Structure formats: structure tokens, C-alpha cells
Amino acid sequence: MTKIGLEIHCQLTNLKSKLFCSCKANYREFEINENICPICMGLPGSLPRLNQEAVKKATMIAMALNCTTPDKIAFFRKNYFYPDLPKNFQITQLNIYGKTSIGGTGSIIVGDKKIRITRIQLEEDPGRLIYEGSSSKNLITLVDYNRAGTPLVEIVTEPDFENPKQVRDFVNILSDLLENLEVSDPGLDGAMRSDANVSIEGGNKVEIKNIGSFHDLEKAVHFEITRQESLNSRDIQIIQETRHWDDKRKITVSSRSKEEDLDYRYFLEGDIPWIIIDPKTKENLKSNMPESISSKKERYVSKYNIPTQVATVLSSDKFYSDLFEESHTEVTAKEIANIITTDLMGLIDTREKRKESKITATHLKDLADSIQSGKISRNSAKNALYEIVKTGKNLSKVMSELDLGNVSDESELLGIIKAVIFEELKAVEEAKSNPQTINYLVGKVMQKTKGKADPKLTLDLLKKQLK
Amino acid sequence: MNLKISALEFVQQVQNGNISAEDFVAKTLERIQSIDDKLHAFLFVNEKAIDQARDIDKKIKSGSKVGACFGMPISIKDNMCIKDSKTTCASKMLENFVAPYDATVITKLKEQDAVFVGKVNLDEFAMGLTTEFSAFGSSKNPWNTEYVPGGSSGGSAVSVSAFECVASLGSDTGGSVRNPASFCSVVGYKPTYGLISRYGLISYSNSIEQIGPLTRTVKDTAFMLNIISGLDPNDNTTIDNKNEDYLSGIDSGIEGKKIGIIQEMVGEGTDPTVLSATKDAISKLENLGATCEDVSLDMVKYSVAAYYTIAATEAGSNLARYDNLRYGYDFSVEGYEFNSYIAKARRNFGPEVKRRMIIGGFVPSAGHAGKYFLKAIKVKSKLTREINEAFKKFDLLIAPTVPILPFKIGEKINDPVSLFLIDINTVTANLTGKPSISVPFTISNGLPIGIQLLADSMNDKLLLQAAYALEQTITLQEVPI
């Protein structure tokens, strides 16, 4: 059986500051080496100053993944030399002297499979290496320390995955969960990085490091399984090794460095005293946690009678569920859920489009109200939505500019109806004996008005005319 | 003008208008100029000290608010950061490091209008107890310049003892304040762990070290402690002392106090002269109404081994950052593969630092940690339990600060183990986090002997009261320089 285990490094991108200093956690907006200070540069004499907010957020993640949370947490030093590591040690967590990592064992359900979490640890991100130069001879390594010290949560799973699809489902659920907790924006470049352990039946375990996105994670796992199976089919031994994901060539490459042989000389970080997380703090955190995705989904179904499939889609994406929460009333809930899932999601289906989109909750509310009161047809609402996303103009303005409003002027509509009756004499005759035929006539009116006739008024007027 | 006054006397005289800060600082700099060639306490002298003192005089004259130091000239061990000034740790590795920020103690002293006359010598990265391991040459004991001044805060002790400043800040990892204080006949203080912020102190063994003042009198130490102690958001290990005033009630006496004499620190290996001085101190304390009794701390016999194991482990990690990529000395990075670069860049560490870092790479390593590092941690916690037990019975503990008299420069430098063993009486306070003070007690054949007192954690005030009481029983010779 194929076994896959993951180590996922997730930046807490929504925090204000780094893990041990007041530099920005959102380092992406800075010029190179501008988001640094004596602490995150590890200057002589500087000391780490623990960001308590990071401890809270990481504890929330642990709770959301159903992990145990210890009463006391400790930090350790992982000692190794690397140019991206300003102190030449990383402040991290581990459980060698008791359970002192921020999250203990837990699990989440993925499809019909339970994925066990081994532990969750809070640690600092190193800086970023930039390689320049064309060949290995003139290769230059540059270091940008803006990222150094960014709060990172490492989520370690048991080798419970059996195929790349389960991996993909898991990371989808995980990124929705992290976004819903408001701790992280998984879509940011480099915010989610993973290592994966892959072994096929009868083969050795191979570790793949440095997978820079969730998108590549599935690919890397898939590639690695294929590689191992191909070796296996040719009776070539799969050696236990560390490989790197080459994100340009989309393959895994054997790492020559013996990272697994490094001795990190872990010991307690004396500059950060043990942190007590008492039951009251935990309770507070739990009660302040944003509503979980599954609870949202359940509420959408039971309270508003939204179909399960729609509720699932709507609840799992924080952007859309926030829009929904802000715009809906008991009466419009279903209408808005439909607008979002059938129309809006298609309109802004990429991160960029979503970012550029001008839509607000007010727009959605107005749209739903107007549909329900017959001011705009569903069809025209779609066109209005397209315009709103693009321009952010309010609905009434969009409707008048694009002439999307329903024809609800009685005399105007009556004129059109009379024309239809004149053209469809046969149908009119038939309608007298067969009431179903009236729908055909409504359809004709719609055709003439390009779908903008107020359906209710049209029907009423038609009935009157046919009497 | 008399430079041979205490910190409190200095404050009083400037306040009274008897002397000006500018004159005093100028005279102090003149003295440094004239005698420091012989002593080598200073690595750098602050050229702007006189201007700074003049500005403070102006503040005094204009009647505006003046800080408690009134322009007092203070020397700083060169392992604490002062903004825009070189901070070398007496190491070639940091030869060109200019600190871009102030240590918390420096900020606090600046706020109180202290004037820093200069940065003083130490054993490289505070590793040593003689200053002989300074990359810039040894300091000399002002009592006899052929002798070591103790260390690692040797420059601090020399500068206070020889009136090159009024007070100094040192750091104490295993006795580095108290040892040179004892050897140079000044007061040296190692507070409760966490009482003084370490932010800006260049770490050697961060879980056990503290900044501490070196002064001429116990009262001066209390005065300094009032300024530099307390909670600091920049150091998560600091403790809230609720703005304790260590000067108030310092003359409360020690009547009825119980003092334990640590048997493991007055036994074999203690110089007879030191031993008899200790006995003398004990009887003086008894005369003041204290009761003294023997107490045994069994783990003390393993304390030096545990200390060097822990200190080396932490040093190996703390000093790993000196790879010269971001600051340090002139050495170009280009053209090297990273690992060979690291090996080359670090060649500028001195022999003692290399020794300890090699030990520090070994004792906590996989396969050896159980035998060394984890054992040392066990000794540390057992020793802490023992001393906590002792403090249930005793208010204070007493021992000589150093078991031997100052020795000649060069005498022990080739015998690291015998140097290590000199720390036997001081490391206990560091391993257990307890406050400890060395009080100058007597001069034997021209060489100073200090007496060490210890108290329980956060009993720093009581400790200073006892030290003050002991200090009042003695009159000391003046330094012959």
C-alpha cells in the first residue's frame, strides 16, 4: 500500500508582526532587506520577544484540527548553519522532553478517510535565498531577510494518505480551514510550503522537500509515486533518501546533501520562558474561534433550506461565505446563495479577478431584493452582476445605464401584449380551452422584450386580455 | 579634585554644586590617560564624555529635571551594546561591529544622565576569569600589575578599583562579576536571574548569566540596581520587582539572621589565607547578631562540570551567528562555498572560545547528550533543589568568592582545567539563579580577598542589607596606584 505523510509549513500571514519582533509578518510589500531589525537579524545582544498573538492563533489551529493542546509550551533551538538563518539556529518546538509543542495529536476527516495529525509546532521562518548567475560557476547566492522570523505553523501528519487525490482533498480542506480561522491567506506566494514522505508497497521511505505550493504538492506526490512504481517494476531498489522538488521541471531530484545526518543539537531556548496556556485561556480561544466551515454549512441547510451541494460550496470559501453572511436576510438567503454559487463564482474564478472585483454585500442584497420584487429578471441580473463586478457601480445605476430594468409600465406592456395577441391568433384561440398555452404567450412577450417583461404583470395582463 | 569618592558621594557633591560633572569627567579621563597604559582596563574611551557631562551641568544649572546619575562617569564591559559605538566582546570576530541600538541597561542609565567614559576589557566573549583571553591583551590588577585582575569583567573591576570611573557594569555567567570584584577589592553583584534585562548583552550562556554592577560600596550597588533592574518587554526572562528601592533600609542590620556556611566551598583547595579571612568574616557577622552554621550542598562538587557543560552548549549555539555575513570584521564572502566559507570566517575566534565551542558542539550532540548535557541539566536542577532546601533554614549563605588569591599573569593560562576549577564557589549562584554578592574584605600581602554572600531568589534587598552590614565592619587600604 502506498503511504504518504505530510509536513506542512503554513505562514500566519494575517498576524501584524513577526514571531519574535515587531517587524511586519507581511514581508511581501517590502523592498529587499527593508523589513528587518536587530532581533530578526540576530544581531549580537538581541533577544527574542515572543508574539503572544501567534501563540493564540497557533493554538486555534490546533483546536480546529482537533489536536490536544498542552498546558505549557516550550521553545527549542535547532542548531545548523545556513545563510538564510541569521542566528544559525532556528527557534522551533518539539516534544523530546514531554509534550510541549503547541498542538498534540489530532485528526480531521477527509472524504471518508481520517487523517491523523502527529503534532503542530510554532516556529520562525528563515530568510529567503535568491540565486543569480547563469551557470554553476558564477552562481551567486543573495539573502533577503525580510521573511526571517515570520510566524510559521508546522503541521505534521501521520502517513495516512494513500493517493495524491487524498492529499489534494486534505490541503483543500486545510487551506479553507486556515482561511476561515482568519490566521492565514493560503493563496499568498510561499505561504504554504510542504515536505512529503512517500513510500509504495515494499519500498523505502523517500522524503521530498521544498514543495512551494499546495498545487505542486499533489504533482510532486504523483510524480514520486510514479517514479517509485517505475523503479519497482524494473526491480530496482528504491533507496531511502531526501529529494527536492524542482518546480521548473516539475520532477523530484535526489539531494546530495545528507540533511538527515545533521545533528541539530536541540536544547531548550532559555530566552523564552515556558508559556502557560491555562484552561480559561483555552476556553476563551475556543469561544472566540470563527464558526467552523461544517457548522456554517449545517446552518445554511437547516435554517435557509439551501441545497446541501450549494451550502458546501458556499461555506468552504471564506470570501463567499463572508459576502453571504453580510448580505442575506431570511427571505433572500436562498436567492443570494444562488447568485453567488451559480453566477458570481464563475465571474471571479481566479485570485486576481477576485482581488480586482468591486462587488460588495450591498450589491448582492440589492440584486436579490430586485429579483424578488420583480424589478429585474434573473437573466438581466446576471448581466448586472457582470457590470457590478467590473465597475462597482450601484445596481440602480447599472440597471438604468444598461437598460436592464423590467418592463413594468402597464401601458407599454399592454401594447406589446396586444401585438403578440395579434400575431398569435391560433394560440390565443387555443388558450381559451387549454390554460397551459398561456405560458407560450408569456414566452412570446418575453422574446419581444428580451426577457425584461415583468413576468407577474405580463401574466395578469394577458389573462385580462384573453377573457 | 578628589576622584576617590563613591557614586552616592558623587551625586551629592554635584547636587550641592561642590563639583561639576564636566570637571569630574575631565579629571577621570585624564586619569585614564595617565594610568591605563599600565592597567589596560579600557578598550575604547568615549571622546564625547566631556561634552555630555557639560550638557548635564547645563541642565543642572538651568534647574531642569536631571537624572539620578548627575553625569556620573561609568564604564561598560564591552559585551553590552551602546548605540553607534563599537562593541567587540574583546574578539577579533566583532572587531568592526558597531551596535545599532542600546542595551536596556544603557537606555536606563542614559535616562538617568550617566556618562559612559568607555568600554572596558574582558575575556573574549566573557569566557575566562583573568582577561588573559581578551583578543586585545590582558588587563592588570591595580593592586599589583603583575597579577591578573580576575575576569571576565576584569576591565570593569580594574576601572572601578583604580578610580578610572565611579561605577561599572559587568556580566556574570559563572562568577565573571564577583571574581574580578574579589581580585580587585570592589563590590561585585550578580542579581537574581531575571532582575536585570539582558537585552543588548551579548549572550554567552543566556540561561544563567546576568548583568551586574561593580562599585566601590554596597550602597552604590543598591543605587545602580535601583536604576537598571526591573521588567523589560525586550527580555522575556525579566521579572517584575515592583520598582523595589534597594537603598531604603539598607542599614537594617542582620540581627537574628541565620547564615549557612557552604561546606563544599571552604574545604580542600581553599587557600589558608582565604579560609582565615572567611572565618574572620563569619565571626564579624556573628558579632552583629547573626547565627552562622555549616550547611552542605552536595551537588556543588559537580557544579563546575555542569556549569562548563551547559555554558559550552549554549555558547556553541549563541556564538554560531558570528559567520561574518552580516557584520564582523573585514572578510569577503565572495567565491566560497558556504561550508568552507563558514570554516574560514570563524577562524578569528580566540583559543578559549574555540575550546568552549568545540565542547559545546560535542556535549549536547546526539549520542553524547545523555552522558553530558542532560546530566549537567540534572545537576543544575538537583543543586537548585538543595539550595532551595537550604534557604528554608537559612536567610543567607556565605563562602569565599574565590578559593584562592589573585595569581600572576601567565601563571595558569596553559592549564585550562585548573582555571575552570577556580569557579567552584561562584557557579552555584548562576546555576540556581540566586543573587550573590562579593564584598571586599581584606588585603593579604597586597592582594585582595572578597567574601561572597548568597540569598534566595528575589531576596536581593536582604542580600544587600547583609553585605552592607559586613562592609561596615571593615576598613580597607587604598589601592596603590
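Protein chains get the first letters and strands the later ones, always in sequence-line order, with residue 1 at the start of each. Worth saying up front: this structure is predicted, and the values here are computed from it rather than measured. Atoms considered below: every heavy atom in the structure, side chains included; atoms not considered: hydrogens, waters and symmetry mates.
Taking all atoms of both residues into account, the shortest heavy-atom contact from Ser46(A) to Tyr199(B) is CA-CE1, 4.0 Å. Closest approach of Gly270(A) to Thr237(B), counting heavy atoms only: O-CG2, 3.3 Å. Closest heavy-atom contact between Asn79(A) and Ser317(B): OD1-OG, 2.8 Å. The nearest pair of heavy atoms linking Arg326(B) to Pro86(A) is NH2-O, 2.9 Å. Nearest heavy atom pair, residue Asn206(B) against residue Asp271(A), reads ND2-OD1, 3.0 Å.
The choice from Thr87(B), Asn339(B), Ile377(B), Asn318(B) that makes the most heavy-atom pairs within less than 4.5 Å of chain A is Asn318(B). The choice from Ala103(B), Ser365(B), Ser207(B), Ser205(B) that makes the most heavy-atom pairs within less than 4.5 Å of chain A is Ser365(B). Listed options Glu269(A), Met41(A), Lys87(A) were ranked by heavy-atom pairs under 4.5 angstrom with chain B; first place goes to Lys87(A). Note: Leu43(A) leads Ile272(A), Ile140(A), Leu43(A) in heavy-atom pairs under 4.5 Å with chain B.
Lys382(B) NZ: 12 or fewer foreign heavy atoms inside a 6.0 Å radius. Atom NZ of Lys24(A) sits in a sparse spot, with 12 or fewer heavy atoms from other residues, nucleotides or ligands closer than 6.0 Å. The local environment of OH in Tyr82(A) is sparse, with at most 12 non-hydrogen atoms from other residues, nucleotides or ligands closer than 6.0 Å. Other residues, nucleotides and ligands contribute more than 12 heavy atoms inside 6.0 Å of the CD atom of Glu29(A). Within a 6.0 Å sphere centred on CZ of Arg355(B), other residues, nucleotides and ligands contribute more than 12 heavy atoms. Other residues, nucleotides and ligands contribute only 12 or fewer heavy atoms inside 6.0 Å of the NZ atom of Lys371(B).
For Tyr101(B), the part lying near chain A is the side chain, with the backbone staying farther off; criterion is any non-hydrogen pair under 4.5 Å. Heavy-atom distances place no part of Ser197(B) under 4.5 Å from chain A, backbone and side chain included. Contact annotation for Tyr266(A): neither backbone nor side-chain heavy atoms come within less than 4.5 Å of a heavy atom of chain B. Looking at Phe81(A), the atoms closer than 4.5 Å to chain B (heavy atoms on both sides) sit in the backbone and in the side chain alike. Residue Leu325(B) touches chain A through its side chain alone, counting heavy-atom pairs closer than 4.5 Å. For a residue to count as touching a neighbouring chain, one of its non-hydrogen atoms must lie under 4.5 Å from one of that chain's; by this rule Asn79(B) does not touch chain A. With a 4.5 angstrom heavy-atom cutoff, Ala366(B) touches chain A via backbone and side-chain atoms both. Interface residue Pro38(A): only side-chain heavy atoms are found under 4.5 Å from chain B. Only the side chain of Pro100(B) comes within contact range of chain A, judged by heavy atoms closer than 4.5 Å. Only the side chain of Leu374(B) comes within contact range of chain A, with at least one heavy atom under 4.5 Å from a heavy atom of that chain.
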Exercise. Taking it one step at a time, do Asn234(B) and Arg49(A) satisfy side chain to side chain donor-acceptor pair (under 3.5 Å)?
Worked result: CA-CA 6 Å; Asn234(B) 283 324; Arg49(A) 191 179 56 212; 2.5 Å; yes
Exercise. Given Asn88(A) and Asp323(B), is the side chain to side chain donor-acceptor pair (under 3.5 Å) satisfied, shown in steps?
Worked result: CA-CA 8 Å; Asn88(A) 284 320; Asp323(B) 56 20; 2.9 Å; yes
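Distance check, rounded to the nearest 0.5 Å: CZ of Phe267(A) to CD of Glu314(B) gives 5.5 Å.
Between Tyr341(B) and Pro83(A) there is no side-chain heavy-atom pair separated by less than 4.5 Å. Taking 4.5 Å as the limit, every side-chain heavy atom of Arg265(A) sits out of range of all side-chain heavy atoms of Phe362(B).
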